[in-house]
Amino acid sequence: MKLFRSRRFDASHRHRQIYSAYEIAYSAVDLLAAVLFIVGSFLFLDDETVTAGTWLFVIGSVFFAARPAVRLARELHLAGLGDEETGNSSNNQSPEQESATRS
């Protein structure tokens, strides 16, 4: 099982759905981490909110650490699908191309 193959995401419709879902999760985690760091930076400007800013930095760091975990989970999920999801489309035809060749 080779991970991080560049064309695995396009092997079937199901592969594309899973890839898209993980990309949304990755983007959401990335955005949340960035927002937490920005808000935490502003909270560091006032002595009364430094503790809250520190916590936002810690939480943002956890989100930044989750980014590669989401990517790895995506690759493991796609690799687990293997070629069984593609059925007769071992030549990487789209569903439309497959139905055209069958008729």
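Start at 1 with the first residue, then count along the sequence. Only heavy atoms go into these numbers, but all of them, side chains included; no hydrogens, no water, no symmetry mates.
A continuous path of Ile, Leu, Val, Met, Phe, Trp and Tyr side chains, each step under 4.5 Å between heavy atoms, connects Tyr22 with Leu78, placing both in one hydrophobic cluster. Following chains of ILVMFWY side-chain contacts shorter than 4.5 Å, one can reach Ile38 starting from Leu45, so the two form part of one hydrophobic cluster. Tyr19 and Leu81 fall within a single hydrophobic cluster, where Ile, Leu, Val, Met, Phe, Trp and Tyr are joined by side-chain heavy atoms under 4.5 Å apart, directly or via other members. By the criterion of side-chain heavy atoms lying less than 4.5 angstrom apart, applied directly or through intervening Ile, Leu, Val, Met, Phe, Trp or Tyr residues, Val62 is not grouped with Val70; the two fall into different hydrophobic clusters.
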(message) With side chain to side chain contact (heavy atoms under 4.5 Å, CB included) as the criterion, how do Asp30 and Phe64 come out once you've worked through the C-alpha distance, each side chain's angles and the decisive distance to 0.1 Å?
(response) CA-CA 7 Å; Asp30 208 17; Phe64 277 130; 3.8 Å; yes
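Side chains of Leu43 and Val50 form no contact here, defined as non-hydrogen atoms less than 4.5 Å apart. At a threshold of 4.5 Å between non-hydrogen side-chain atoms, the residues Glu23 and Arg71 count as touching. You'll find the side chain of Phe37 stays beyond 4.5 Å of the side chain of Leu56, heavy atoms only. Looking only at side-chain heavy atoms (C-beta outward), Val29 and Leu32 stay at 4.5 Å or farther from each other.
Atom CG of Asp46 has more than 12 neighbouring heavy atoms from other residues, nucleotides or ligands inside a 6.0 Å radius.
To the nearest 0.5 angstrom, Leu36 atom CG is 10.0 Å from Phe57 atom CZ.
The shortest non-hydrogen separation linking Gly60 to Ala33 is O-CB, 3.7 Å.
Ile18 pairs with exactly one of Arg16, Arg14, His15 by the side-chain contact (heavy atoms from CB on, under 4.5 Å) rule, that one being Arg14.
Using a distance-only test at 3.5 Å, with no hydrogens or angles considered, no donor-acceptor pair links the side chain of Ser27 to the main chain of Ile24.
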